[in-house]
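Taking it in order: structure first as structure tokens, then the write-up.
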Amino acid sequence: MQNVRELMIKKAGEMLSSGEVYGVLAWERGDFACDQTPALFTSPESLSRLAYDEFTAPMLSKYLINEAKKPNEGKKVMVFLKPCDTYNFGHLLSEHKVERDRVYAVGVACSGIFSREKTLLEKCLACKGMEFHHCDEVIGGEGKITWDKLDRFAGVEMIESMTPSERFEFWRGELSRCIRCNACRNVCPVCSCVKCVFDNPGSGVMSKSNADEFEENMFHIIRAFHVAGRCTDCGECSRVCPRNIPLHLLNRKFIKDVNALFGPYQAGASLDDASPLTSYSVNDPEPGYKDKAKGGERVA
Amino acid sequence: MTKIGVFVCWCGSNIAATVDVDAVSEAIKAAPGVVFATNYQYMCSEGGQAAIRSAVAEHGLTGVVVCSCSPRMHEATFRKAAAGAGVNPYMVEIANIREQCSWIHKDKAEATAKAIALARAAVAKLNLDRPLTAPETPVTKRALVIGGGIAGIQTALDVADAGYEVDVVEKSPTIGGKMAMLDKTFPTLDCAACILTPKMVDAAAHEKITLYTYSEVEKVSGFVGNFTVDIKKRARSVSVDRCTGCGVCSEKCPSKRAKSEFDQGLRERSAIYIPFAQAIPNVPVIDRDTCLKFQTGKCGLCEKVCPSHAVDYSQEDEVITKQYGAIVAATGFKPIGLERFDEYAYSRSPDVVTSLEFERLCNAAGPTKGHLVRPSDGKEPKTVVFVQCVGSREASGIGAMKGKPYCSKICCMYTAKHAMLLREKYPDSEAYVFYIDVRTPGKNFDEFYRRAAEEYGVHYIKGMVGKVCDEGNGRLTVRASDLIENRQLLIDADMVVLAAAVEPDPSARALATLLTASMDTNDFFTEAHPKLRPVESPTAGVFLSGMCQGPKDIPDTVAQAGAAAAKVIGLLSKDRLVGNPCVASCDETLCNGCSACERVCPYGAISYETKTVVDRGAKDERRVASVNEALCQGCGACTVTCPSGAMDLRGFTGRQIMAEVDAICR
């Protein structure tokens, strides 16, 4: 990792010195060694503060939405993307939130991210893979998964096996801890609306979500619906939740159902593929349709 | 603030017997915005409409709620009535307290409470309604008929005779459809070809009709009065303009192993072929799957022998795009496959045939030139067993898994016809017909069946055949029960004829998707109203002709084809159509520019542009959606896809729907 960090500094320094990019989105150390924070480096000298190790958790692609829009004489912004963040980058490109030719994307090798408690993050245990997408170049090569992988959908299956009332109680319990800090929404690269419905008095949703405890819970359900078919399963929502709500399970339920109905789909992997939920083909399954040959039996 | 009048309809006793209409009109007076409420026996009648007019005048109403039947039934009626009284027609809301309330409840207290809730929801929505003006669009005065069987031909002829251009798209190489395969027609026993082929010629010769055979509809966009359709003309490999139909090519073709589709696989045909002698156009087509030239590159004999140089191996599929004002689905039917009915030995014995195969065996232009013989050994059959309802009326039990729940309607009559034809050809033969019921409603139909049973001596036996065994010595053993005599029968037969159920042509489902026309669970097209609008699809501008809507015989098909034509003519005779103002619009200050709505829009009504958006004084260059209101049909797919709520539907805004839900849950 130390080696990768040096290579990153070298590359970033070259790009800044040559004036090819106006800034580099990377990480710097926070209050603690295990507490790193995204930062924009605009001079080669400042790069000594650049941090990259097994605690470098935050994803950077979401910051591109604003950075890549800034005029800066048309110069690009450079960004470091971990493998799972490259899907987020792809998603933002496909939804026209980031212009590809304003970004110099550099993939950086990952070997799993540790929490403060020095355990691998859940999202890393269930790692989607180490390959890079949509990058201009890669530093450190493709990493290796050296740990026993968790089944990504085991948690979803556990909840699916509950009775409806058990499931309701489970989620009421989990979501009752929510303090509506909006960290999950703010970190989510998919949740990048110009104006969120929960911030828009005209939507009629905002006033409701505060009305009672149950409607407060609905925030997460609505959010899961809004990111359905778009969520890349980067796991940031669960990572940043200060109340440890397993929010990724809601998203993975949608991913599991989409995979079952339309075949394996990874949001953000390809720029050409329309999401199964926003495209139509005559061969699409019709779960509500009587004929079983057309997928008539409901999935879960 | 909207001044709302609520009118509760009794619908005779349809609503009033289950819903306390007085209680509803009394309770709704308390709802916000309501200044007047009453109830009346038939709101849709002149008296009811007059009540709306006088209430508008007296109370200055600016909005009207009618608690009555489904809006599909009378929304247009009440909008018109409101407009006549000076209220914007889009300030009318219908609370469906019949189909969604009185008809499905037994308990009056429960139904009344629900009717009040539904009325409150309608009032809540109306409070957020804004007056809308319907746009007008021009009408393309050309019709498209999909399917070139008797239904499509008749509709095309009738529309063309009224002076409008009609295009007919037929997927097989010739028009004529299933009727062209038939021998005689009931109940008159006149020959099918004699009455069909002149119509085929008329259609081909009509100056207003263009035939696209060997073609398929590939894409449909637009809306009533303004459809744009892509038609794929499959490569025939023979020039229609040059070919004289001499037939030398098929004669010389060395590849003669393909089964003739037209003759139900009872004979082989060449790779370059004309389906039957009276085909229109009388131009062969090369079946590239069996053609040696296309499969191996060696041959080219047809090209060499063609005296008019019409064979063209380089032809490619061609897609043409045309505009239409109306579209008629006339996709017809096919007999069901009998793979799952092995108890009748259909796949084991060539002498067990379907009724359509039997037609070909009787037909003078068929594989045996009309000499009715057993396909296995060419001998004349002496004992023939006809089995009716093979796969029809299988509503329950194991049958439901392999058959159809409905009655195929035509089998009783054609089986009587087949039995008569057999007895006429071979007076010493025996004909047995096994039936569940003999259904013969129709002019001269029962007389026809009685003739078969009484004059022609056909043995009608109520009961079903349990098993047919191919004994291997040219005999078929038929085991059956006679329910009236209460005994088991064992018949030594030479042939067994299975009256296979009919089902919609498999191409209909994909077409329904293209047309956004709805289908029932059996894949028959749904009509807009089963009694009052039987030839219209619920999708405006799409009409139904023939078997694609449900099983019917030739007289019914022709009658429906004419009815569909009348509807098409009625539409095309208008110069302008009133459109739908309830269309989507984009709030640019909320739009993310993500393109999701553009992808889900089935009408291609959404596009994106980059423009300066002013949001509370702040200017910003943004990629935002814009809706072509002429193309938008108000389906709302975009509004539910848009995560930020930028897309909204006029007359059905997110807030209105939420207000309805709130009113019901309050």
Side-chain angles (χ1 to χ4, degrees), chain A residues 65-66 69 71 91-99 185 188 190-208 211 214-215 222-231 271-284 286 288-294 296, chain B residues 128 218-219 400-401 405 507 509-514 516 519-523 587-602 606 608 610 613 615-616 618 620-625 637-646 648 653-662 665:
Chain A
I65 298 173
N66 284 327
K69 220 183 260 173
H91 171 77
L92 292 169
L93 293 175
S94 70
E95 291 201 346
H96 309 276
K97 300 236 170 63
V98 173
E99 263 184 71
R185 183 187 74 179
C188 175
V190 179
C191 267
S192 300
C193 282
V194 175
K195 185 180 235 173
C196 176
V197 285
F198 290 99
D199 294 343
N200 177 7
S203 71
V205 174
M206 190 180 91
S207 54
K208 280 198 163 9
F214 179 74
E215 287 181 346
I222 292 174
R223 208 183 79 79
F225 269 95
H226 279 200
V227 302
R230 305 157 74 213
C231 169
L271 301 185
D272 315 320
D273 291 353
S275 153
L277 298 187
T278 54
S279 62
Y280 178 77
S281 95
V282 269
N283 300 322
D284 274 356
E286 297 178 52
Y289 186 63
K290 204 178 140 202
D291 188 353
K292 282 183 187 166
K294 288 282 276 179
Chain B
L128 297 170
E218 209 169 51
K219 194 176 155 212
M401 288 154 66
S507 64
R509 173 147 275 277
L511 181 67
T513 307
L514 290 177
T516 60
M519 289 189 134
D520 64 20
T521 49
N522 297 311
D523 278 5
D587 180 342
E588 288 169 354
T589 63
L590 298 178
C591 180
N592 296 316
C594 72
S595 279
C597 55
E598 186 182 16
R599 281 198 285 266
V600 299
C601 179
I606 301 175
Y608 274 80
T610 302
V613 175
D615 186 4
R616 283 158 299 174
D620 196 5
E621 281 286 306
R622 284 190 203 165
R623 184 176 187 275
V624 290
C638 55
T639 66
V640 290
T641 306
C642 180
S644 65
D648 223 342
T653 61
R655 294 213 71 151
Q656 284 183 294
I657 288 159
M658 206 119 52
E660 287 185 278
V661 175
D662 279 347
C665 298

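Since the structure is predicted, the reported quantities are computational estimates derived from the model, not experimental observations. Residue numbers start from 1 in every chain, and the chains themselves are labelled A, B, ... in the order their sequence lines are given, proteins ahead of strands. FYI, side chains are in, hydrogens and waters are out, and symmetry mates aren't considered; it's all heavy atoms of this structure.
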(message) Can you tell me which portion of A/I222 sits under 4.5 Å from chain B's heavy atoms? Options are side chain, backbone, both or neither.
(response) neither
(message) Under 4.5 Å from any heavy atom of chain A, what part of B/C591 do you find: side chain, backbone, both or neither?
(response) backbone
(request) Drop me the distance from A/H91's NE2 to A/R230's CZ, to the nearest 0.5 angstrom. (result) 4.5 Å
(request) For chain B, find which of A/L92, A/V190, A/V197 contributes the most heavy-atom pairs closer than 4.5 angstrom. (result) A/V197
(message) Working to the nearest 0.5 angstrom, can you tell me the gap between B/S507 OG and B/L514 CG?
(response) 10.5 Å
(message) At a heavy-atom distance under 4.5 Å, which candidate from B/A637, B/A646, B/C594, B/P602 has the highest pair count against chain A?
(response) B/C594
(message) Does any backbone or side-chain atom of A/N200 lie under 4.5 Å from a heavy atom of chain B? Answer side chain, backbone, both or neither.
(response) side chain
(message) Given heavy-atom pairs under 4.5 angstrom as the criterion, report whether the side chain, backbone, both or neither of A/K195 touches chain B.
(response) both
(message) Heavy-atom pairs under 4.5 Å with chain A: which of B/P643, B/A659, B/C642, B/G593 has the most?
(response) B/P643
(request) Below 4.5 Å from any heavy atom of chain A, which atoms of B/T641 appear? Answer side chain, backbone, both or neither. (result) side chain
(request) Give a yes or no answer on whether the side chain of B/D587 reaches the backbone of B/G645 with a donor-acceptor pair at less than 3.5 Å. (result) no
(message) With a 4.5 angstrom heavy-atom cut-off, is it the side chain or the backbone of B/T589 that approaches chain A, or both, or neither?
(response) backbone
(message) Let me confirm one number: the CG-SG distance from B/L590 to A/C193, rounded to the nearest 0.5 Å.
(response) 9.0 Å
(request) Over all heavy atoms of both residues, which pair between A/V227 and A/C188 is shortest? Give the atoms and the distance, please. (result) CG1-SG, 4.4 Å
(message) The criterion is side chain to side chain contact (heavy atoms under 4.5 Å, CB included); which residues satisfy it with B/S595, sequence neighbours excluded?
(response) A/H96, B/E598, B/R599, B/Y608, B/R623
(request) Answer whether the closest heavy-atom distance between the side chains of B/P405 and B/N522 falls below 4.5 Å. (result) yes
